[in-house]
Amino acid sequence: MADILHEPLLDVFELEVFQAELLQLVRFAFMPEADRQAVLAHPFACSCSYVQRCMQEDLQRMSDAHEAASPRGCYTFEQRRLVRPGLSSTNASAAAAACAAGGEKAASLQPAAAAAPGSRASGWRHFRRRLAPSCKELMYVCDGDRNGVVHYIGTDYGSKQWVNPVASKALDIKASSPPSRYTDPKALVSGQFLNTSFAGPRYIRTPQQPAAAGASAAAAAATPSTWWQLDLGPQHRLLCNYYTIRHDGSQDGFVRSWVLQGSNDLAHWLDLCRHGSNDLQHWLDLRRHVSDATIRLPGQYGSWPIGGPAASMPFRAFRLLLLGPTQSQASPWAFPLSHWELYGYFYKLGTSAAAAEAQTAS
C-alpha cells in the first residue's frame with residue numbers, strides 16, 4: 001500500500017485498476033492506528049475519496065464481525081439461563097441458601113456478586129469461569145462421529161471405555177411400539193448399522209372420536225402416533241443445537257415429515273398417554289420437517305442444526321415424532337431409524353435437584 005501511494009503519478013487507467021481491484025485487497029482494519037492515520041494523511045488519500053470510503057467500509061465490516069463474535073454471540077448461556085445472572089445484594093440470602101443446597105455448583109455463582117454492576121466484560125468473564133466446570137460442549141463434526149451426548153454418557157462422561165448406555169441404564173430409549181427384534185433400544189445406540197429397525201404406530205382415539213366396531217375399524221378411526229423417545233435421565237440436561245439420524249437398510253419408508261421435540265415433564269405426558277390423550281402441551285418443537293427429502297438412500301445419514309427459542313432451553317428428554325406417512329406402501333406409519341445422536345451443551349444437575357426430579361417423575 002505504501003509503495004503504491006509513493007508512486008509519482010498514476011494515469012487514468014492505473015487509477016481505475018487501483019480503485020477497483022487493489023484497494024479491495026487492502027485490510028485497513030488490521031493496520032495499526034498509526035498506519036491508518038498515515039494513509040489518510042497522504043496527499044493521494046486526501047484527494048481520492050475512494051480510499052477513505054474503502055477504509056470506512058472495511059472498519060465497519062470489522063466492527064460488525066467483532067460484534068457478532070462478542071460474548072453476546074458466542075457465550076449465549078445468559079440468554080439460555082443455564083446459570084443465574086450476577087447476584088445483587090437483594091438476593092444475597094437466596095444465594096446463601098443455594099450454596100448450602102447445591103454445593104460447588106452454587107458456590108461458583110458467588111464470584112459474580114463481586115463483579116462491578118456496569119462492567120459487561122467483567123460479567124462475561126465470570127460467566128465463562130463458572131460455566132466451565134459444569135457445562136460440556138458436545139460439538140457436531142460429521143455424520144457418525146463420536147462427539148454426541150449418547151456416546152458421551154456411554155463413556156461415563158469421557159472417562160472410561162464405551163458401554164452401551166441403555167444396557168447400563170445410564171439413559172432410556174422408548175418407542176411407540178413395544179420392544180421387539182426390530183424395535184430394540186439397545187441396538188439403536190450400539191453404533192452398529194441396523195438393517196431393519198423401526199418404531200411402529202400407536203393408535204390413539206381422542207374423546208371426540210366415536211368407538212368403532214372391530215379392531216381394524218377402530219384402528220382406522222384412531223389417529224396413528226409414531227415416535228422414538230430418548231430420556232437422558234433426571235440428572236442430565238442438554239441444550240441441543242444439532243442432531244443426526246440414520247435410515248436403516250430398508251429400500252423404502254424414507255421419512256419426509258417429522259419433528260424433533262424436547263420435554264422436561266415426562267411423568268405428566270406418560271399419564272396423558274395412559275388415558276388415551278395425544279396432548280403435546282409438554283413437548284416443545286425444536287425443529288419441524290415438512291416434505292424434507294434429505295434421506296433418499298438406505299443407510300443414509302441426515303443432520304440438521306437447531307435454532308429458535310425452544311433451542312435455547314435445556315431439556316431432559318427428546319422425541320422424534322412422525323407427522324406424516326413415509327414413502328413405504330406397506331407400512332406408511334413406521335419410523336425407520338438405525339442411529340440417533342444429539343449435540344449441544346450438556347450439563348449435570350446437582351445431587352439435590354436430581355433427587356427431587358426423580359421423585360417427581362416417580
Side-chain angles (χ1 to χ4, degrees), residues 76-77 79-84 98 101-109 130-140 145-175 185-186 188-191 227-245 260-270 282-287 306 310-321 337 339-362:
T76 56
F77 303 109
Q79 289 85 355
R80 293 176 175 180
R81 300 183 185 277
L82 270 177
V83 294
R84 290 173 295 176
E104 295 181 356
K105 181 179 178 181
S108 61
L109 295 175
R130 66 173 182 255
L131 275 172
S134 59
C135 182
K136 172 68 175 179
E137 182 180 5
L138 305 174
M139 182 183 298
Y140 168 82
D145 61 15
R146 297 182 177 181
N147 298 330
V149 65
V150 174
H151 189 271
Y152 185 66
I153 295 178
T155 58
D156 195 13
Y157 317 115
S159 62
K160 300 179 181 178
Q161 292 292 329
W162 184 84
V163 177
N164 192 306
V166 175
S168 62
K169 297 183 180 180
L171 55 80
D172 184 42
I173 292 182
K174 291 184 174 64
K186 293 190 297 295
L188 186 65
V189 298
S190 64
W227 44 265
W228 289 93
Q229 174 186 299
L230 190 153
D231 182 9
L232 300 177
Q235 75 277 20
H236 297 150
R237 292 294 185 273
L238 178 71
L239 281 81
C240 186
N241 58 21
Y242 228 99
Y243 82 102
T244 297
I245 63 174
L260 175 69
Q261 299 174 321
S263 176
N264 287 315
D265 194 2
L266 292 179
H268 183 76
W269 179 77
L270 292 175
H282 293 270
W283 286 95
L284 297 179
D285 292 355
L286 297 180
R287 180 168 182 127
I306 298 174
S312 300
M313 300 174 58
F315 291 105
R316 163 187 170 177
F318 298 86
R319 182 171 71 161
L320 292 168
L321 176 66
L337 190 65
H339 174 78
W340 184 15
E341 187 61 278
L342 301 165
Y343 305 86
Y345 296 96
F346 172 84
Y347 67 101
K348 298 176 62 178
L349 297 179
T351 306
S352 58
E357 181 75 16
Q359 184 178 2
T360 303
S362 61

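A quick note: this is a predicted structure, and the numbers were derived from the prediction, not measured.
In terms of modelled atom types and a separation under 3.5 Å, the side chain of S263 and the main chain of H282 share a donor-acceptor contact. N164 places a side-chain N or O within donor-acceptor distance of the main-chain N or O of K186, the cut-off being under 3.5 Å. In this structure a side-chain-to-backbone donor-acceptor pair under 3.5 Å is present from D231 to G233. Distance alone, capped at 3.5 Å, places no donor-acceptor pair between the D172 side chain and the Q229 backbone.
Across all their heavy atoms, G148 and L138 have their closest contact at C-CD1, 4.0 Å. Nearest heavy atom pair, residue Y347 against residue C135, reads CB-CA, 4.0 Å. Closest non-hydrogen pair, L171 versus V150, comes out as CD2-CA, 4.3 Å. L188 approaches L337 most closely through the heavy-atom pair CD1-O, 3.4 Å. Residues L342 and C240 come closest through the heavy atom pair CD2-SG, 3.9 Å.
With rounding to the nearest 0.5 Å, the separation of CH2 in W228 from CD1 in I245 is 12.0 Å. Atom-to-atom distance recorded for R237:CZ and F346:CZ is 10.5 Å, nearest 0.5 angstrom. Note that CG of L232 and CD1 of I153 are 5.0 Å apart. Values are rounded to the nearest 0.5 Å. Annotation: the span from F318 atom CZ to Q261 atom CD amounts to 11.5 Å, rounded to 0.5 Å. To the nearest 0.5 angstrom, L230 atom CG is 5.0 Å from W340 atom CH2. Taking CD from E341 and OG1 from T244, the interatomic distance works out to 7.5 Å, rounded to the nearest 0.5 Å.
In terms of the salt bridge (Lys or Arg N to Asp or Glu O under 4.0 Å) criterion, D145 has no residue partners (sequence neighbours excluded). Residues satisfying the side-chain hydrogen bond (donor to acceptor under 3.5 Å, both in side chains) test with K160, not counting sequence neighbours, are D156. The ring-ring contact (aromatic ring centres under 6.0 Å, His included) search around Y242 returns Y140, not counting sequence neighbours.
Y157 is not listed as a side-chain neighbour of K136, based on a closest heavy-atom distance of 4.5 Å or more. No side-chain heavy atom of W283 sits less than 4.5 Å from a side-chain heavy atom of L321. Proximity of H236 to K348: side-chain heavy atoms (C-beta onward) are separated by under 4.5 Å at one or more points. In this structure, Y343 and N241 have side chains that are in contact, with non-hydrogen atoms separated by less than 4.5 Å.
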